[in-house]
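Hydrogens, waters and symmetry mates play no part in the numbers below; they use all other heavy atoms, side chains included. The structure displayed is predicted, hence computed values, not measured ones.
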Amino acid sequence: MKFQVTIPEEYRQAYQSFWYNCIAVRAADLKARCPFVAGGTPAASGGARDGSLAAETCIDRLLQNFSERVVRDYLGSVASQPEAIEKMRPYFGSTPRQ
């Protein structure tokens with residue numbers, strides 16, 4: 001028996017966009033809250049929520065193990081990559097938003 005899951009494109013796109021946006025937002029302000037609501041299909045709404053919350057969880061874990069300066073620098077380096085900017089674009093353009 002083979003179990004196969006198909007992830008809707010809207011979910012994937014929203015997840016990635018909100019994940020990278022959260023990384024960029026928290027790179028600028030580690031205490032900031034990331035947006036997690038997207039309009040559109042239920043898949044897009046779920047992807048936005050899941051992507052933002054996953055990034056928040058990763059960042060919080062990093063902060064448990066590294067200094068704020070190290071985490072901020074790391075997040076900034078991730079957020080400034082061309083891939084990050086491209087993935088944010090569908091929901092945020094090229095500017096991260098809280």
Euclidean distance, E86 CD relative to Q16 CD, rounded to 0.5 Å: 10.5 Å
Could you see if I23 belongs to whatever hydrophobic cluster contains L63? Use Ile, Leu, Val, Met, Phe, Trp, Tyr and a side-chain cutoff under 4.5 Å. yes
What is the distance from atom OH of Y74 to atom CG of L62, rounded to the nearest 0.5 Å? 7.0 Å
Atom pair CD1 (I59) and CG (L75), whose distance is rounded to the nearest 0.5 Å: 5.0 Å
A44 and A38: which non-hydrogen atoms are nearest, and at how many Å? O-CB, 4.1 Å
For P90 and Q13 the tightest heavy-atom approach is CG-NE2, 3.6 Å
When every non-hydrogen atom of F18 is compared with those of V37, the smallest separation belongs to CZ-O, 3.6 Å
So E68 and K31, side-chain contact (heavy atoms from CB on, under 4.5 Å) or not? Walk me through it. CA-CA 10 Å; E68 287 186 3; K31 307 251 186 282; 3.4 Å; yes
Distance (rounded to the nearest 0.5 Å) between L53 CG and C58 SG: 11.0 Å
Do P35 and Y91 have side chains that get closer than 4.5 Å, going by heavy atoms? no
Please report the shortest heavy-atom distance between Y15 and A54, naming the atom on each side. OH-CB, 3.2 Å
Quick check for you: to the nearest 0.5 Å, what is the distance between R61 atom CZ and Q64 atom CD? 8.0 Å
Least distance between heavy atoms, Y20 atom then V78 atom: CE2-CG1, 4.2 Å
With rounding to the nearest 0.5 Å, note down the distance linking OH in Y11 to CZ in R49. 7.0 Å
Looking only at heavy atoms, what is the nearest atom pair of E10 and T41, with distance? CB-OG1, 3.6 Å
Salt-bridge contact R26-E56 (side-chain N to carboxylate O under 4.0 Å): yes
Would a distance-only check, ignoring hydrogens and angles, find a side-chain to backbone donor-acceptor pair under 3.5 Å from D29 to V25? no
